[in-house]
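So you know, we letter chains A, B, ... as the sequences are listed, proteins then strands, and number each from 1.
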Amino acid sequence: DAKTTQPPSMDCAEGRAANLPCNHSTISGNEYVYWYRQIHSQGPQYIIHGLKNNETNEMASLIITEDRKSSTLILPHATLRDTAVYYCIVFEGGSTLGRLYFGRGTQLTVWP
Amino acid sequence: DGGITQSPKYLFRKEGQNVTLSCEQNLNHDAMYWYRQDPGQGLRLIYYSQIVNDFQKGDIAEGYSVSREKKESFPLTVTSAQKNPTAFYLCASSTLGEGEQYFGPGTRLTVT
């Protein structure tokens, strides 16, 4: 069962930052926050993950609040190719189960 | 070039026929997963496998079967017992215990 809440849709102008929020108020101490995205009719793609600290990679930045109850995925300069459904997922680290629970995510539309 | 492949991309079958979807990975991952996605919905887990010759049911295993005879391969059979088989099927793999899953391009199955 998905333990996260995301807005169903957002939009963003090309070249501007896209900030996608996620609530995970019941997250426990050993659970990570993962973000994936799915471009229409393709398989999901891993973006980034974090436990407590903010993280940055070549695709995005992840900001996790101090109480870990929410996070924000930031795409610093959104392009048209970033139009996709973005999934925020809580994952228990150290578990061999490896299950990911995908909710409906946030449909991000980047407009020219 | 490492990755995960699924074939075919589109599949059409008549009601009452069994159909097998292929999934192959050359990432040396122990864990493999099958998900189903319906329009406008998130992904739901059908089956997963953590090791050769072993697999577990996910949330919606009824009407499906799998095998894991080789580390690289995890085929899914959609049987005639699956009441509503038309959907987008996604295969994924990962290192055990890791939340980063690699997804294939998916197979879109239509049963009429």
In terms of ring plane angle, is the pair B:Phe74 and B:Trp34 parallel, tilted or perpendicular, where the classes change at 30° and 60°?
tilted
Pick one of side chain, backbone, both or neither for A:Gln38, based on which atoms fall under 4.5 Å of a heavy atom in chain B.
side chain
Given a strict heavy-atom distance threshold of 4.5 Å, which part of B:Gln37 is in contact with chain A: side chain, backbone, both, or neither?
side chain
Need one label for B:Leu90: side chain, backbone, both or neither, based on atoms under 4.5 Å from any heavy atom in chain A.
side chain
Joining Ile, Leu, Val, Met, Phe, Trp and Tyr whenever any side-chain heavy atoms lie under 4.5 Å apart, the cluster holding B:Val52 also takes in none
Trace of the salt bridge (charged side-chain N to carboxylate O under 4.0 Å, His left out) decision for B:Arg68 with B:Asp54
CA-CA 7 Å; B:Arg68 186 87 186 275; B:Asp54 187 46; over 6 Å; no
Assess B:Arg108 against B:Phe88: is NZ or CZ under 6.0 Å from the centre of the six-membered ring, and within 45 degrees of the ring's axis?
yes
